[in-house]
Structures are given as structure tokens and as C-alpha cells.
Protein chains: 2
Amino acid sequence: MAVTIKDVAKRAGVSIATVSNVINGSRHVSAELEEKVRRAIAELGYQPNPLGRALRKGEAYTVALLLPDRSNSFFAQVAWGVEEQVRRYGYALITCNTDEDPELEAFYVSSLLNRRVAGFIVAPTSLGRETLAPIVHQRVPLVVVDRVIDGLPVDQVFSDNEGGAYLATQHLIRLGHRRIGLLVGISGISSIQDRIRGYKRAIEESGLTLDERLIAPGCSQIEEGAAAAEYLLARSDATAIFSTNNMMTLGALRSLKKLGIKCPDDVSLVGFDDSEWASVITPGLTVVAQQAYEMGFLAGALLFRRLTRKQEAPKPRTIKLRTTLITRESTAKPRKVSEVASGEAPAGQTTELGLASPVKSRRFREGG
Amino acid sequence: MAVTIKDVAKRAGVSIATVSNVINGSRHVSAELEEKVRRAIAELGYQPNPLGRALRKGEAYTVALLLPDRSNSFFAQVAWGVEEQVRRYGYALITCNTDEDPELEAFYVSSLLNRRVAGFIVAPTSLGRETLAPIVHQRVPLVVVDRVIDGLPVDQVFSDNEGGAYLATQHLIRLGHRRIGLLVGISGISSIQDRIRGYKRAIEESGLTLDERLIAPGCSQIEEGAAAAEYLLARSDATAIFSTNNMMTLGALRSLKKLGIKCPDDVSLVGFDDSEWASVITPGLTVVAQQAYEMGFLAGALLFRRLTRKQEAPKPRTIKLRTTLITRESTAKPRKVSEVASGEAPAGQTTELGLASPVKSRRFREGG
DNA sequence: ATCTCGTAAAAAAACGTTTTACACCTTCAG
DNA sequence: CTGAAGGTGTAAAACGTTTTTTTACGAGAT
């Protein structure tokens with residue numbers, strides 16, 4: 001059916017080895033024969049069959065991308081950046097959705113290794129250290145994105161999550177918020193841990209008291225976000241909420257709406273990750289923006305750095321991408337404590353307000 | 001390195017052909033040998049190398065998915081449904097983003113055919129009829145989704161776009177809107193054409209006069225949506241906007257916000273496609289919902305129906321999925337004409353209001 | 001003039017499967 | 001008793017490449 005290297009060889013009057021050498025430049029071929037071969041290729045419209053090549057080289061020209069959550073647009077943007085690189089290098093991209101499930105992740109890793117993909121780009125689940133081990137063990141190139149796995153000797157690209165969370169929390173503090181609820185995404189992954197750390201650091205540096213009751217756990221889905229937000233809004237006197245995850249932010253919005261709580265009048269809200277909708281809704285959502293596309297693009301670059309230079313394996317690199325706070329309308333100064341719209345009477349829990357420190361007031365002057 | 005069929009054969013004391021026959025059930029093997037082979041496979045943890053199989057069978061066990069817009073969450077959901085099927089059948093999924101660019105689409109088609117993917121699932125660009133021709137010509141299974149290509153003898157899965165658009169428009173008419181703007185997505189694809197048709201049918205059936213000035217063209221991106229909406233809002237007296245595309249809906253929201261136009265007080269808005277954010281924003285967005293996940297899932301089912309039964313090729317099937325109108329808060333009765341918030345004085349353009357027909361009033365009673 | 005060396009091309013092996021062709025045995029009908 | 005048919009196994013070919021090995025040949029050195 002399709003035209004093979006044999007046909008080209010016959011047409012050019014040379015051996016198939018010569019054709020292969022011309023195509024791959026693997027050995028020198030005389031100008032005369034090279035010309036003949038190139039002409040034959042052009043005339044027949046020959047395209048090398050990747051399957052034959054894959055079998056012989058033990059490698060399909062394919063890259064695997066493992067992402068944990070298809071509904072999160074952040075990962076869609078990461079995938080976009082990866083795809084751009086993959087296309088540039090003429091590889092194919094197999095994208096899989098692990099759904100935050102380590103078992104599924106392990107399954108994909110195994111099956112893709114068996115398929116001899118050239119490399120992996122993975123935003124790992126909480127058990128990434130175990131599930132990705134076979135990749136490292138078989139010395140298949142791997143780039144970890146979004147969630148760092150400490151000590152793993154591979155390329156890693158991630159955001160300055162702590163810094164972003166710090167900025168967001170600081171922003172709320174400067175506005176005058178004293179009780180800032182935290183919506184925590186799936187635990188056990190570095191990005192969320194780092195965001196918690198940034199939150200705590202901002203709280204502590206400003207002289208506020210850290211109240212663990214203000215930290216509501218969830219699982220990076222809308223439902224969990226809604227539940228966690230309701231928990232916060234019903235049981236504490238939080239005047240602001242910082243959501244550490246895209247999906248949970250949606251959940252928080254849902255809760256606010258359901259409970260009839262006005263944002264930012266009653267409660268301020270900051271999300272993590274910018275989205276198309278974040279800027280067009282009312283109120284516009286204040287968010288910590290990540291460089292999602294760049295994350296994918298860089299991860300791709302790091303991967304192909306390994307794939308193309310087969311000689312010396314480069315030292316693993318770790319890249320931290322800047323995060324920025326985008327201030328919109330969902331954050332504002334808190335109302336008087338007595339006006340807080342909460343199901344419970346918050347009287348007893350507000351004593352910490354008295355603990356304002358000199359540090360804090362200085363920061364307010366800075367913030368404007 | 002890895003264990004091959006040869007190792008299994010040696011261990012079991014049989015030929016590799018026998019091993020192959022056991023694995024694929026291609027020929028009967030005596031119970032005794034089959035037992036030996038199975039044991040050897042288990043002991044060695046043998047996994048067939050897909051590359052060898054692919055070369056011999058002339059088919060990589062891989063499916064290609066071509067989608068036009070990665071940022072549109074509708075397609076993300078379609079991809080999700082497809083992936084579910086693909087995983088179920090043990091295939092791999094190569095996902096590509098054509099970005100509505102026929103050239104890129106043609107490139108992907110060619111390169112994926114060369115890779116011997118087992119089949120395609122494609123939401124085609126406007127030139128799909130041409131770019132997908134090589135797939136049909138080479139008799140590679142193809143399922144077209146979301147956008148019908150008339151007369152193409154392949155499986156097709158799409159939404160009842162006309163019906164959905166009709167419902168949305170009718171909903172606005174029943175609320176009392178007389179001048180309903182239409183934000184048109186990329187032209188040349190069936191889904192948008194069908195939505196326009198549904199809009200026009202609703203307008204005409206209700207006895208209103210169709211005004212082409214109310215139909216604003218765009219290109220299914222946020223920017224175009226915003227521009228088209230601004231055009232409508234500035235130059236006409238539309239009291240409602242129906243957006244035929246997810247992305248353009250976001251653009252419309254942006255314009256509304258930018259111009260300080262209140263929704264639904266000043267202008268009602270209906271979008272096409274439901275999203276996670278649509279229900280949690282304020283006001284909640286009235287939308288026409290498609291069964292996106294199901295679309296992908298069904299497309300996968302149709303594809304594998306062809307891939308598994310190699311014998312008689314089944315007749316091409318066309319499946320139309322139901323669309324539903326989800327009424328939220330972004331649609332309400334129009335204010336008095338004189339209060340419409342528009343840059344232009346709309347006085348002269350409102351004469352059509354007098355044309356109310358008996359049909360229309362009956363419909364209002366039905367609608368409640 | 002013979003030997004070595006280097007270069008360029010061809011031939012053949014290899015990758016890991018599936019499938020075809022063939023060999024052997026048993027059974028059964030004529 | 002013989003020939004055909006059917007069942008069960010193996011050897012070998014095939015898929016389309018890349019890579020290793022072999023061959024051919026001319027130039028330069030001994």
C-alpha cells in the first residue's frame with residue numbers, strides 16, 4: 001500500500017541502507033547518490049514509517065503527559081504549552097488524566113513505559129514518588145511539573161507557590177482583614193503545602209495569631225471547596241477567604257451565592273490560578289496567577305533537551321516560575337466586625353483582634 | 001532488557017508461535033501447553049511489546065483525537081468521555097489541538113495517518129470536508145463530533161444545536177424580549193449554522209421580525225465575543241443577547257462589565273454550553289447545556305465498534321444528542337424600552353413591537 | 001608488485017511481534 | 001490398507017526500519 005524505503009531504494013538504484021543514511025545523515029553518502037535518493041523520495045512522496053523505526057530504535061517518537069485533573073483549566077494551559085513543544089519536534093503527545101488517583105497513575109506509567117514512549121511530563125498525584133519510580137529506574141526522561149517531588153533527580157518545573165500565597169495573604173492583611181480563612185486543596189502535594197506555608201508566613205510576619213480553625217481542608221474539587229467554604233463561613237468569623245485551588249474557588253463562589261453572602265462586602269475572596277472567567281465575572285476575582293502555559297512549554301523544552309542530546313545526560317534542573325497577584329474587585333476592606341454576615345454569632349472568637357502588633361501597622365502604611 | 005516473547009517460549013518449552021497463539025487466541029492450543037505458557041508469562045511478568053505488534057499488524061493501538069480549541073471547556077469534557085473509552089479498550093490516546101486552523105488539521109491528519117493510528121475522532125474545522133478526506137480515503141475509521149459534515153459516510157455525534165438555540169430564543173421571547181441580539185461563533189461549521197437557524201426559527205414562529213443587524217459575527221474567541229457584544233450594545237437596542245459559543249459568552253460578560261451594563265436588569269444573556277463557573281457566578285448564567293461528556297463517550301463507543309468487529313463494517317450512524325435549557329438568573333423580563341441602557345437612542349428601531357401575533361401571545365401563556 | 005588502509009556502498013542482521021506454510025500425528029472413510 | 005481430512009505444533013517469513021558486518025575498490029606505502 002504505502003511507499004516504503006525499499007521502493008525508494010529501487011527507484012534510486014541504491015541499497016536501502018543508503019536511503020536510510022541519507023535520511024538520517026548517519027553516514028556520509030556521495031553527492032551523486034544522495035541527489036538520486038532525494039529525488040526518488042520526492043517523486044514517490046515517501047514518508048518513513050514510524051512503526052518500523054520505533055521497533056528498531058526501541059522508541060516510539062512519542063511523549064506522555066500525565067495530568068491529575070481535566071476539569072481544571074490550569075492543567076489545560078499546561079498541556080497547551082507542552083503540545084506546542086511536542087509539535088515543534090515532530091513527536092506525538094499521549095495525554096492521560098490520572099484524576100488524582102495514584103493507582104491510575106501507576107497503571108498509565110506502566111502501560112506507557114511498555115509502549116516505549118520517549119519521555120514523560122507528569123504533574124504527579126500525592127503518591128508520585130512511588131508511582132513515578134519505574135520511570136526513573138528505567139532511565140526514561142521525566143519532567144515533573146506543578147508539584148515538586150523533593151530529592152528526585154529529574155527536571156522539575158513549578159510555581160513559586162509560597163510566594164504567591166504570601167502575596168495573597170499579605171494583600172488581605174493590608175486591607176485590614178484579621179481573620180482570613182484558608183481553603184486547602186488536596187493534601188500531600190507540594191504546591192498546596194507551599195501555599196499553606198506562604199499563608200502562615202504572611203500571617204505570622206504581620207503579627208497576627210495563626211488560628212488552625214481558619215484552615216479548612218478539601219480535595220481540590222468544587223464540592224469540597226463549597227463544603228469547606230460553608231464550614232468556614234458558618235463556624236468562624238472569617239472576613240476573607242483565600243482558596244488555594246482553582247476548583248475550590250468555584251466551590252467557594254457557590255457557597256457564597258447559596259448563603260447569600262456578598263463579595264466583597266461581606267467576605268473578600270482570593271483564588272489561586274487565573275481563568276478566563278475570573279476577570280469577567282462580577283465582582284472580578286482577585287487571584288494569584290501562575291504561568292501555566294510557560295510551565296508546560298518549559299517542561300517540554302527540558303524534556304527535549306534530554307531527548308535530542310543523547311550523549312551526555314544534562315544535570316537535572318529545577319525551575320521556579322514567578323507568581324503574581326492580580327487585584328480585582330473581590331477583595332476589599334472588611335466591614336466592622338459586628339456586621340459580619342455569619343450564621344453564628346462570632347462574639348467570642350474575635351478576641352485575637354486585640355493583638356495587633358507594630359509590624360502590622362507598618363505594613364499597612366506600605367500597602368496603601 | 002525487557003522480557004520478550006522469545007523468553008516466554010524458551011521458559012515454557014514451546015515455540016514463539018504457540019505463545020502468540022495463546023495470547024491472542026488466534027489458534028487452538030492444547031490445554032497442557034496453554035497452561036505452561038500462561039505460567040511462564042506470569043512468572044516472567046511478560047507484557048507484549050506494542051511496537052512489534054504494531055509493525056506486524058500495520059496498526060499502532062492508538063486513537064487520535066483532534067479538537068479545535070483547548071481553552072473551551074466543552075471540548076475538555078468531550079475529551080474526557082473519549083479518554084474513558086480509550087482506556088477501557090487498552091488503547092492510547094493522542095490528543096491534538098487544531099486551533100480552528102485547517103492547515104494544522106491537515107498536518108495532524110497526515111502525520112497521524114503515517115503513524116498508523118487505528119482511528120480518528122475529530123471535531124473538524126471549517127474545512128473539515130477537505131482535511132479529513134485522506135482518512136476516509138484510506139478507510140481509517142473516523143468519528144466526527146460536534147460539527148456535522150453532511151454526506152460524509154462516517155459515524156457522527158453532535159448536539160441538537162438548532163433545538164437548543166430555539167429553546168433559548170423562545171425563552172427570551174416568552175420573557176417579553178423583542179430585540180434579541182445573536183453572537184455568532186465561527187462561521188462555516190454546522191453547529192453554529194444550526195444555532196443560527198434555531199434562533200431564526202424561534203423569532204419567525206413568534207411573529208417577530210428578523211433583523212439582521214441584531215446578528216453579530218465573531219470567531220469563537222473571547223475577544224471577538226467582546227467586540228461583537230459591544231457592537232450590539234452600542235448600535236442597537238437589544239434587550240437580550242444570545243451567545244452561540246462558550247468563549248464568546250465570556251467576551252459578552254466582559255463587555256457588559258466594561259460598559260457598566262447590568263445583567264439581567266439592563267440586558268438578559270443566554271450562553272451556549274454549561275460550565276463550572278456558569279452556575280456559581282452572579283447572576284447565574286442561563287445556558288443551553290450540551291451533553292459534552294456523553295458526546296465523547298459515544299464517539300468512542302462508535303469508533304471501537306468499528307475497531308473490534310473487523311469483519312463487516314457497520315453502517316455509519318449519526319447520533320443527535322439532546323440539549324437542554326438551564327434557566328438561571330441572567331435572563332429576566334426586559335425593562336421598559338425607554339429605559340434600555342444603550343449608547344444610541346433606540347427610538348426609531350422599536351416599531352416592530354407592534355407586530356405581536358396571536359401565536360406569540362399563546363406561547364406566553366404556555367411559558368408561564 | 002603486494003600489502004595496508006580508508007572510503008563508500010551493499011548485504012545482512014536485528015528489533016518483537018503475527019501469520020503463513022509446512023510437518024507430524026491421529027482418525028476415519030473408502 | 002490407503003488416502004484424505006483435521007488437529008496441533010514448529011519453523012520461517014514478513015512487517016519497515018536502523019545498524020552492523022561484509023564487500024569492493026582505489027590510493028599510497030613498502
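Residue numbers begin at 1 in each chain, while the letters A, B, ... track the order of the sequences. Side-chain atoms are counted along with the backbone in the values below, which use heavy atoms only and exclude waters and symmetry mates.
- The separation between Asn21(B) atom CG and dA11(D) atom P is 14 Å, rounded to whole Å.
- If you walk DNA chain C from 5' to 3' and mark each nucleotide with an atom closer than 4.0 Å to a heavy atom of chain B, the marks span dG16(C) to dA21(C).
- Across all strands shown, Pro48(B) has heavy atoms under 4.0 Å from sugar-phosphate atoms exclusively, and none from any base.
- Direction of the helix axis in the helix from dA1(C)-dT30(D) to dG30(C)-dC1(D) shifts by 70° between the two five-pair termini, rounded to 10°.
- No donor-acceptor pair closer than 3.5 Å links the side chain of Ser110(B) to the backbone N or O of Ala106(B).
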Exercise. Given the rule in the side-chain contact (heavy atoms from CB on, under 4.5 Å) test, do Leu298(B) and Leu321(B) qualify, once you have shown the distances and angles that lead to the verdict?
Worked result: CA-CA 10 Å; Leu298(B) 278 172; Leu321(B) 294 172; 3.6 Å; yes

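- Ser73(A) places no side-chain N or O within donor-acceptor distance of the main-chain N or O of Ala76(A), the cut-off being under 3.5 Å.
- A cation-pi geometry, defined here as NZ or CZ lying under 6.0 Å from the six-membered ring centre and within 45° of its normal, holds between Arg53(A) and Tyr61(A).
- Near DNA chain C, meaning a heavy atom under 4.0 Å from it, residues 22-29 of chain B has Asn24(B), Arg27(B) in order of number.
- The backbone N or O of Val148(A) sits less than 3.5 Å from a side-chain atom of Ser190(A), completing a donor-acceptor pair.
- Formation of a donor-acceptor pair under 3.5 Å by the Gln156(A) side chain with backbone atoms of Ile149(A) is found in this model.
- Leu51(A) comes within 4.0 angstrom of nothing in the nucleic acid, heavy atoms only.
- For Arg115(B), there are no salt bridge (charged side-chain N to carboxylate O under 4.0 Å, His left out) partners, not counting sequence neighbours.
- Near DNA chain C, meaning a heavy atom under 4.0 Å away, the residues from residues 30-38 of chain A are Ser30(A), Leu33(A).
- Few gaps surround CD on Glu43(B); more than 12 heavy atoms of other groups in view lie less than 6.0 Å from it.
- Counting any heavy atom pair closer than 4.0 Å across all strands shown, Thr4(B) reaches sugar-phosphate atoms only and no base atom.
- The pair Asp155(A)-Arg306(A) meets the salt-bridge criterion, since a charged nitrogen lies less than 4.0 angstrom from a carboxylate oxygen.
- No side-chain donor from either of Glu34(B) and Asn21(B) sits under 3.5 Å from a side-chain acceptor of the other.
- We find that Arg87(B) and Glu83(B) are not joined by a salt bridge, their nearest charged nitrogen and carboxylate oxygen being 4.0 Å or further apart.
- Side chains of Asn24(B) and Ser20(B): a donor on one and an acceptor on the other come within 3.5 Å.
- Judged as a side-chain hydrogen bond (donor to acceptor under 3.5 Å, both in side chains), the pairs with a partner in residues 88-101 of chain B (not counting sequence neighbours) are, in order, Glu100(B)-Arg147(B).
- Place Thr18(B) and Lys57(B) on DNA chain D by their nearest nucleotides, and Thr18(B) ends up nearer the 5' end.
- Within the nucleic acid shown, Ser20(A) comes within 4.0 Å of at least one base atom, counting heavy atoms only.
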